[in-house]
Amino acid sequence: MKPYKTMTLRLNATEYAHLCRQAEVTGLKKEPLVRQLIMGVNLRPRPPDAYADLLRALSAIGNNINQLAHQANARGAATGDEITEALLLVHQTARLVRERL
């Protein structure tokens, strides 16, 4: 591994405050943030903390809907109860998204 080269970077108060805000938004420390920017990486805000929980919940709901669809395909039709359950799962998904994002 090549040794790092060092440099001094002088920022005024406004620039430094902006750098600190960007570090907070992206979830990166200031030094890695500056390195990423120098390399031309398009940085995005860090996902909300609830994002991973939401993805797990959506995945479980999707699995349930898939199981219902598989059962309906095996029989050639879906029952009214299965359609109602699938609809409730879709509504649950929409509610989770509205609450968490």
Side-chain angles (χ1 to χ4, degrees):
M1 178 188 236
K2 295 181 181 181
Y4 285 102
K5 303 291 183 185
T6 61
M7 68 177 273
T8 301
L9 176 65
R10 290 186 172 87
L11 303 172
N12 64 32
T14 303
E15 294 165 337
Y16 185 74
H18 182 72
L19 176 64
C20 291
R21 280 192 305 276
Q22 293 303 307
E24 186 176 330
V25 165
T26 61
L28 296 171
K29 294 185 183 219
K30 290 183 279 297
E31 188 174 303
L33 172 67
V34 170
R35 279 197 199 111
Q36 296 285 336
L37 291 171
I38 289 170
M39 297 307 293
V41 174
N42 185 16
L43 299 174
R44 297 182 192 167
R46 180 179 58 148
D49 293 337
Y51 191 70
D53 291 337
L54 177 61
L55 287 179
R56 276 190 291 281
L58 290 174
S59 178
I61 290 168
N63 287 336
N64 288 342
I65 291 173
N66 191 38
Q67 289 171 1
L68 290 170
H70 180 71
Q71 291 173 6
N73 284 334
R75 287 192 314 270
T79 66
D81 287 343
E82 288 170 335
I83 294 169
T84 300
E85 184 176 351
L87 185 57
L88 289 173
L89 290 169
V90 170
H91 286 286
Q92 182 182 1
T93 302
R95 183 180 51 77
L96 281 171
V97 169
R98 281 193 304 273
E99 287 175 358
R100 306 257 174 117
L101 296 179

*Asks:* Side chain to side chain donor-acceptor pair (under 3.5 Å) with R46: which residues, sequence neighbours excluded?
*Replies:* none
*Asks:* Checking L37 against V41 for the side-chain contact (heavy atoms from CB on, under 4.5 Å) test, could you report, in this order, the C-alpha distance in whole Å, the side-chain angles of both residues, the deciding distance, and whether it holds?
*Replies:* CA-CA 6 Å; L37 291 171; V41 174; over 6 Å; no
*Asks:* Can you see which heavy atom on I61 is nearest to which on T93, and at what distance?
*Replies:* CG2-OG1, 3.0 Å
*Asks:* Quick one: which residue pairs count as a salt bridge (charged side-chain N to carboxylate O under 4.0 Å, His left out) with a foot in residues 3-26, not counting sequence neighbours?
*Replies:* none
*Asks:* With sequence neighbours excluded, what pairs up with V34 under the side-chain contact (heavy atoms from CB on, under 4.5 Å) test?
*Replies:* L19, I38
*Asks:* For R44, give me all partners under side chain to side chain donor-acceptor pair (under 3.5 Å), at least two apart in sequence or on another chain.
*Replies:* none
*Asks:* If two hydrophobic side chains count as joined below 4.5 Å and joins carry through other members, does L43 share a cluster with V25?
*Replies:* no
*Asks:* Which residue pairs satisfy the salt bridge (charged side-chain N to carboxylate O under 4.0 Å, His left out) criterion with at least one member in residues 79-94, sequence neighbours excluded?
*Replies:* R75-E82
*Asks:* Taking side chain to side chain donor-acceptor pair (under 3.5 Å) as the test, write out the residues that go with R56, two or more places apart.
*Replies:* D53
*Asks:* Determine yes or no for a side-chain-to-main-chain donor-acceptor pair under 3.5 angstrom, with T26 supplying the side chain and Q22 the backbone.
*Replies:* yes
*Asks:* Does L68 form a side-chain contact (heavy atoms from CB on, under 4.5 Å) with L89? I'd like the steps, not just the answer.
*Replies:* CA-CA 11 Å; L68 290 170; L89 290 169; 4.1 Å; yes
*Asks:* Going hydrophobic residue to hydrophobic residue with side-chain gaps under 4.5 angstrom, can you get from L87 over to L58?
*Replies:* no
*Asks:* With rounding to the nearest 0.5 angstrom, report the CD to CG distance, Q92 to N64.
*Replies:* 8.5 Å
